[in-house]
Colleague: 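The structure under discussion is supplied below as structure tokens; questions concerning it will follow.
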Amino acid sequence: MSKNRILVIGSTGQIGSDLLPQLMDLYGQENIVAGEFNGDLPEEIKNRIATVSIDVTKYEEIEKAILENKIDIVYNLASILSTLAEKENKLAYDVNFNGTFNVFEASRNTGIKQVISVSSIAAFGDRAPKINTPNDTIQNPNTIYGISKVFTELMGNYYFEKKGLDVRGVRFPGIISWKVEPTAGTTDYAVEIFYGAILSKSYTCFLAPNTRLPMMYMPDAISALVSLSECDSKQLKHRVDYNVSSMSFTPEELADAIKCKIPDFEINYDIDDSRQEIADSWPSSLDDSVARNEWGWRPKYHLSNMVDDMLENLTNKLENQR
Ligand code: AKB
């Protein structure tokens with residue numbers, strides 16, 4: 001049986017950089033196509049798979065990439081994250097709203113079998129319960145990024161119900177990984193802190209010590225996307241709006257966990273009011289029982305095994321870069 005051909009849009013970002021090699025292993029490198037915007041795909045990936053330049057704000061580029069590469073499944077990871085979106089409203093609108101619409105529309109017009117879209121904890125606001133935020137509850141985000149994620153969820157559901165396009169997606173918490181750093185998100189401190197710990201044994205955090213946010217280690221994030229994609233559509237009662245969660249901690253707790261491995265590590269705080277305001281409007285933990293029940297979501301990582309794995313892999317990466 002021939003395998004599905006998969007296009008990853010936004011393949012050079014934090015999630016895409018880990019997702020691509022995983023998809024290549026699972027489905028064969030000949031079936032994976034990397035959609036890149038800024039052309040900085042690593043050489044070892046570029047030499048092994050097809051690449052195509054895609055600006056999500058341009059419908060024709062998406063349609064052409066799908067048709068020319070005979071694509072069956074599209075992962076759309078292109079997004080301007082929360083902090084940058086507050087500064088660059090127009091850019092965020094173009095990429096997160098128009099780009100998402102273009103991906104859905106091009107996928108429907110070309111007969112794509114499945115679209116995977118990514119939402120976020122940012123789709124909630126301060127009127128949702130903050131602790132164990134339920135899957136289905138009031139959503140009143142007050143950031144451009146959060147509003148664009150509600151748009152993504154609602155449009156994804158719309159394209160499924162009204163246009164028959166199989167759209168699926170999760171609401172990610174802050175994602176922690178060592179390969180590629182996130183750009184301009186509010187949860188980025190949870191990645192930056194590891195660079196600080198390894199390179200200078202210190203880190204100045206832009207969020208307050210007691211700011212509790214849901215987080216996830218990259219291997220679990222990739223497994224969430226792949227298992228949601230692979231599950232039988234009939235199992236799904238929701239579509240593009242699954243809470244997925246694995247751990248929840250504060251900067252102080254993360255620093256303490258790092259100190260267990262690097263005892264002379266020091267954390268300081270220099271709070272960035274605009275990022276603090278965004279973080280304060282988000283859930284501090286998520287109830288992900290709907291994803292667990294509908295498609296068997298189960299994370300593997302918690303705070304301490306994530307810290308061990310991050311320190312080991314990031315140390316190796318930084319040593320190899322010297
Ligand atoms: C961000 O901080 O903007 C993202 C997110 C939680 O969606 N990491």
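One-based numbering, in listed order, for ligands and for the atoms of each. For reference, positions follow the sequence shown, starting with 1.
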Colleague: Taking 4.0 angstrom as the limit and counting only heavy atoms of Gly185, give me the atoms of ligand 1 inside it, by number and element.
Modeller: 1 (C), 2 (O), 3 (O)

Colleague: With a 3.5 Å cut-off and no angle check, do the side chains of His238 and Asn157 form a donor-acceptor pair?
Modeller: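 On atom types as modelled, these side chains do not qualify, holding no pair under 3.5 Å.
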
Colleague: Classify the contact between Ser82 and ligand 1 as side chain, backbone, both or neither, using a heavy-atom distance cut-off of under 4.0 Å.
Modeller: both

Colleague: Numbering the atoms of ligand 1 from 1, which are under 4.0 Å from a heavy atom of Thr186?
Modeller: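 Reading through ligand 1 atom by atom, the close ones are 1 (C), 2 (O), 3 (O).
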
Colleague: Show which atoms of ligand 1 fall inside a sub-4.0 Å distance from at least one heavy-atom site of Leu81.
Modeller: 3 (O)

Colleague: So, Glu105 versus Tyr59: side-chain donor-acceptor pair below 3.5 Å or not?
Modeller: no

Colleague: Ignoring angles and geometry beyond distance, decide whether Thr83 reaches within less than 3.5 Å of ligand 1 through its nitrogen or oxygen atoms.
Modeller: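 No.
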
Colleague: Does atom CG of Asp270 have more than 12 heavy-atom neighbours from other groups under 6.0 Å away?
Modeller: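 Not buried by this count: 12 neighbours or fewer within 6.0 Å.
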
Colleague: Between the side chains of Asn102 and Asn98, does any donor sit under 3.5 Å from an acceptor?
Modeller: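 Their side chains do not contain a donor-acceptor pair, so the 3.5 Å distance test is not met.
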
Colleague: When the ring planes of Phe151 and Phe97 are compared, do they come out parallel, tilted or perpendicular, using 30° and 60° as the limits?
Modeller: tilted

Colleague: Under a plain distance cut-off of 3.5 Å, with no hydrogens placed, do Tyr27 and Asn4 share a side-chain donor-acceptor pair?
Modeller: no

Colleague: Can you pull out the closest protein heavy atom to atom 8 (N) of ligand 1? Residue, atom name and distance to 0.1 Å, please.
Modeller: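 The protein heavy atom lying closest is Thr187 OG1, 2.9 Å.
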
Colleague: Closest by any non-hydrogen atom to atom 5 (C) of ligand 1: pick that one out of Ala85, Ser120, Ser79, Ala123.
Modeller: Ser120

Colleague: Any atoms of ligand 1 less than 4.0 Å from a non-hydrogen atom of Trp282? List them with their elements.
Modeller: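 Heavy-atom distances to Trp282 below 4.0 Å select 1 (C), 2 (O), 3 (O), 6 (C).
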
